[in-house]
Asker: 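First the structure, then my questions, so here it is.
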Amino acid sequence: MSTNTNNLQAIKYKRGELLILDQLLLPHQASYYTIETSQEGHNAIKTMKVRGAPAIAIVACLSLAVELSLVSHKFQTKESVLQFIHKSLEYLKTSRPTAVNLFEATDRLWEIVKQKGETSEDPKEITLAYLEAAESMLDADIQDNMNIGNFGAKWLLDYYKKDKLRILTHCNTGSLATAGYGTALGIIRSLHKQGVLEHAYCTETRPYNQGSRLTAYELSYENMPATLICDSMVTALLSKGLVDGIVVGADRVARNGDTANKIGTHQLAILANHFKIPFIVAAPTTSIDLKTLSGQDIPIEERSSQEVISVSGLLPGTSDLVTVTVGHPSINVWNPAFDVTPASFISAIVTERGAFVKESSKEVYDLSEVLKL
Ligand code: MRU
C-alpha cells in the first residue's frame, strides 16, 4: 500500500519499506530517510526527523510493520510474535511524551493483535493482522484531515459570512505533520481550494522553526498567498485588523477541551480573545484523550537547550548543512516543546466528525459527547 495525495508526502510506505522525508533537512534538502526497525522509528521521532502528532503515531506503527515484514519468519509461535509486538510498541511509546496519538495508536494496534491471538495460533496470521491495521492508518488519516479541512472552512465561512478570509497558523500541521493534507493547515488548504483564502500568515515557531522551515515550505509549494512572521509580531499584525481567525493543531486535547499544542499556542489564544477573532483547534478525534480530565494533567516534553541557542542552515552557495550557535553557550535554557491553552479561549474544536463549540453557559467542553457520535 502507498499513500496517494497530490500534496507533499512526509511518509512513503509499501509493505516492507518505509521512507520518511527528513524534516531536519527541510527546507534546504528534500531527502527521504529509510526506516527498517522500530528502533530506527523511535530515533526518527525523538530527533524530530518526523514530527507532528498524527505523523509520529503513523511512523511509530509503520516502523514496527516494516520490521515485522523483515523478521516475521523468525517467529515460530503465537507467544513469541505477540511478545515481540508488545515489547516494541511499549518501546515506541517512549519516543515523545505529549502527543496522545502515539499512545492511542499503539494501544489500539495491541488490542487488535491480542484479539487475533485469541482466535489464531498462527504467528503469520497475527503478523498480518498487525500489518493490515497499521497500514490502514495512512488512508484513514488523509480522509480525516480532508474532513477536518472542510468542516473548519465551513465553520469559519459561516461565522464571518465573508467572501475572503485571512488566517494565521502556528507550528506545522500540514502534509508534513500527517499522512497528508493536514489538520489546521488542512483548513487553510480547504479555504484555498474553495477560492476564499485571501491570505495565510504563518509564525516562525521558535525554537525548532516548524513555521519558517516547514509551513512556509508547504504554503510556497502549493502557491498559496502567504506571509511569514516572527512569533513576536503577532500582536502587531492582529492590532492592524489583518487576521480574521487563528487555526492551530493539537498534540493532546483533554476531556474538558484544554489543549496541548506547540509552545506559543497559548499566547495566540489570549491574543485572539483580546482582539475578538475566533481561535480554532483542529485535530482528529485520536488527539482527544478522555482519560486526561484537564490540561494540567498533560505531560509536557522539555527538549534540549541546543534547539534554543543554535540554528541550522545552509552555507551560502553550498548544500552543506551547518548548525551555528546564536545564544550564549553557558546561559541556562528552558525549552518546553508545548503549552496548554485553556478550553475557555477556544472558539471551536474541529475534528473529522464536525466542528464543536462549548455550551453557551460553559467555560469548558465535554468531549466525551464528541466521541459518542
Ligand atoms: O514538536 P512538534 O513539531 O511535533 O509539534 C507539532 C505540533 O505542535 C502540531 O501542532 C501538532 O502535533 C499537530 S500536527 C497535525
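In this text the structure is predicted, and so the values were computed from the model without any measurement. Read the numbers this way: they start at 1 and go in the same order the structure lists the ligands and their atoms.
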Asker: So, are E301 and R303 salt-bridged, with charged N and O less than 4.0 Å apart?
Answerer: yes

Asker: Would you indicate whether H86, at its atom NE2, is surrounded by more than 12 heavy atoms from other residues, nucleotides or ligands within a distance under 6.0 Å?
Answerer: yes

Asker: Nearest non-hydrogen atom to atom 13 (C) of ligand 1 belongs to which of A250, G186, A260, A177?
Answerer: A250

Asker: For ligand 1, is there an N or O atom under 3.5 Å from any N or O atom of C171?
Answerer: no

Asker: Is there a heavy atom of F338 sitting under 4.0 angstrom from any atom of ligand 1?
Answerer: yes

Asker: Between the side chain of R206 and the main-chain N/O of V308, is any donor-acceptor distance below 3.5 Å?
Answerer: yes

Asker: Do the side chain of D339 and the main chain of G264 share a donor and acceptor less than 3.5 angstrom apart?
Answerer: yes

Asker: Return yes or no for this condition: an N or O of T183 is under 3.5 Å from an N or O of ligand 1.
Answerer: no

Asker: Counting non-hydrogen protein atoms only, what is the nearest one to atom 5 (O) of ligand 1? Give residue, atom name and distance.
Answerer: K262 CE, 3.3 Å

Asker: Geometry only, no angles: is D251 polar-contacting ligand 1 at N/O separations under 3.5 Å?
Answerer: yes

Asker: State whether the shortest distance between N or O atoms of Q210 and N or O atoms of ligand 1 falls below 3.5 angstrom.
Answerer: yes

Asker: Would you compute the distance between atom OG of S312 and atom CG of N209 and round it to the nearest 0.5 angstrom?
Answerer: 9.0 Å

Asker: I56 versus ligand 1: do any nitrogen or oxygen atoms come within less than 3.5 Å of each other?
Answerer: no

Asker: Should R108 and E111 be marked as a salt bridge (Lys or Arg N to Asp or Glu O under 4.0 Å) after you check the CA-CA gap, both sets of side-chain angles, and the distance that decides it?
Answerer: CA-CA 5 Å; R108 184 161 41 83; E111 277 309 310; over 6 Å; no

Asker: Taking the non-hydrogen atoms of H170, is any one of them nearer than 4.0 angstrom to ligand 1?
Answerer: no

Asker: Return yes or no for this condition: an N or O of N261 is under 3.5 Å from an N or O of ligand 1.
Answerer: yes

Asker: Considering only heavy atoms, does R96 approach ligand 1 within less than 4.0 Å through its side chain, its backbone, both, or neither?
Answerer: side chain

Asker: Distance under 4.0 Å to a non-hydrogen atom of M48: what atoms of ligand 1 satisfy this?
Answerer: 1 (O), 3 (O)

Asker: So which heavy atom on R189 is nearest to which on G174, and how close?
Answerer: NH1-CA, 4.2 Å

Asker: Please confirm whether A337 comes under 4.0 Å of ligand 1, counting heavy atoms of the residue only.
Answerer: no

Asker: Report the distance from atom OG1 of T259 to atom NE2 of H266, rounding to the nearest 0.5 Å.
Answerer: 11.0 Å

Asker: Is the backbone of P299 close enough, under 3.5 Å, to the side chain of T98 for a donor and an acceptor to pair up by distance?
Answerer: yes

